[in-house]
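Report on the structure given below.
Note that the structure is predicted; figures quoted are calculated from it, not measured.
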Amino acid sequence: PEAASLDADIDMLRRKVDAGAQRVITQLFFDNDDFERFLEKCLNRGITVPIVPGIMPVKNMPQLERVVSLSNAKVPAALRRVLEGSDESSTCAGALEFAAAQIEGLRNMGISAFHLLRNKGKYADAFRTSARIGLITGTAAGLLTMLFGHAQGQRMADTQPMKLAAAEGLWESEDPA
């Protein structure tokens with residue numbers, strides 16, 4: 001059944017976590033900003049268990065419309081533009097790219113687990129391959145960011161400590177000597 005509001009949904013989620021739920025898997029969504037707002041509301045209510053985003057790569061406009069009718073998910077204009085094409089293979093490729101970019105954006109937010117909702121039919125293998133590619137490149141990008149980001153931070157700490165303080169949001173710093 002539909003909840004009266006997002007706040008009512010989060011109240012119910014809080015009760016489930018209090019009763020012992022150790023992980024949350026969301027419904028599918030297409031807008032990462034919606035997921036980020038949901039995370040913030042959950043944290044504000046004291047929900048600290050891992051929250052796993054539900055991602056579903058869609059392959060065409062009829063599938064998107066069916067999914068939206070069931071989930072009430074908000075659809076970004078960029079995804080609609082991709083799916084409005086008349087060429088089936090380029091529409092599918094664009095939808096896969098959208099899903100991979102969505103996963104990459106979530107990885108950049110620090111999300112490391114995903115619930116990929118399965119597609120059936122002739123594009124299922126393509127969706128799995130695309131998801132695999134997105135996860136591999138996202139993981140590699142995250143690791144490289146950590147590696148080189150740390151080195152850059154060390155270099156900045158050694159050569160420009162005030163800039164590092166500003167970058168970290170620290171308005172007061174001390175001489176480490």
Exercise for the section: Write down the atom of A8, the atom of A4, and the distance for their closest heavy-atom approach. Expected result: CB-N, 4.3 Å

Practice task
Report yes if the side chains of I103 and I55 come closer than 4.5 Å at any heavy-atom pair, otherwise no.
Solution key: yes

Practice task
Just do the side-chain contact (heavy atoms from CB on, under 4.5 Å) check on F98 and V58 with the steps written out, would you?
Solution key: CA-CA 9 Å; F98 184 89; V58 293; over 6 Å; no

Handout entry: Separation of I51 CD1 from T48 OG1 (nearest 0.5 Å)
Key = 9.0 Å

Completion exercise
Rounded to the nearest 0.5 Å, the CD atom of E104 sits from the CZ atom of R107 at a distance of 10.0 Å

Handout entry: Whether over 12 other heavy atoms sit under 6.0 Å from R66 CZ
Key = no

Problem - Value rounded to 0.5 Å, distance of CG in L116 from CE in M56 - result: 11.0 Å

Problem - R155 and D158 ion-paired at < 4.0 Å - result: no

Practice task
Keeping the roles fixed (side chain from R23, backbone from V52), state whether a donor-acceptor pair exists under 3.5 Å.
Solution key: no

Practice task
Verify the cluster assignment for I25 and V67: are they in a single hydrophobic cluster under the rule of side-chain heavy atoms below 4.5 Å apart?
Solution key: no

Problem - Electrostatic pair D11-R15, nearest N-O below 4.0 angstrom - result: no

Completion exercise
To the nearest 0.5 Å, atom CG of L6 lies from atom CG of L13 at 10.0 Å

Exercise for the section: Please report the shortest heavy-atom distance between D33 and D31, naming the atom on each side. Expected result: N-OD1, 2.9 Å

Problem - Heavy-atom donor-acceptor pair, Q102 side chain to F29 backbone, under 3.5 Å - result: yes

Exercise for the section: Grab the two heavy atoms, one from N72 and one from S69, that are nearest each other, plus how far apart they are. Expected result: OD1-O, 4.4 Å

Practice task
Hey, could you give me the CG/CD distance between N60 and E65, rounded to the nearest 0.5 Å?
Solution key: 9.0 Å

Practice task
Hey, could you give me the OG1/CG distance between T145 and N108, rounded to the nearest 0.5 Å?
Solution key: 7.0 Å

Problem - R14 side chain vs R45 backbone, donor-acceptor pair below 3.5 Å - result: yes

Exercise for the section: Applying side-chain contact (heavy atoms from CB on, under 4.5 Å), run through E97 and V82 and close with a yes or a no. Expected result: CA-CA 10 Å; E97 288 174 13; V82 164; over 6 Å; no

Handout entry: Verdict with reasoning, L39 to F35, per side-chain contact (heavy atoms from CB on, under 4.5 Å)
Key = CA-CA 6 Å; L39 285 180; F35 180 72; 3.4 Å; yes

Fill in the blank from the handout: In short, A113 meets P53 closest at the heavy-atom pair O-CD, 3.2 Å

Practice task
Please indicate whether M12 has more than 12 foreign heavy atoms, meaning atoms of other residues, nucleotides or ligands, lying under 6.0 Å from its CE.
Solution key: no

Handout entry: Joint hydrophobic cluster, F38 plus M109, side-chain heavy atoms closer than 4.5 Å
Key = yes

Problem - Nearest non-hydrogen partners of L83 and A95, listed with the distance - result: CD2-CB, 3.9 Å

Completion exercise
Note: R80 and M61 closest approach over all heavy atoms is O-CE, 3.7 Å

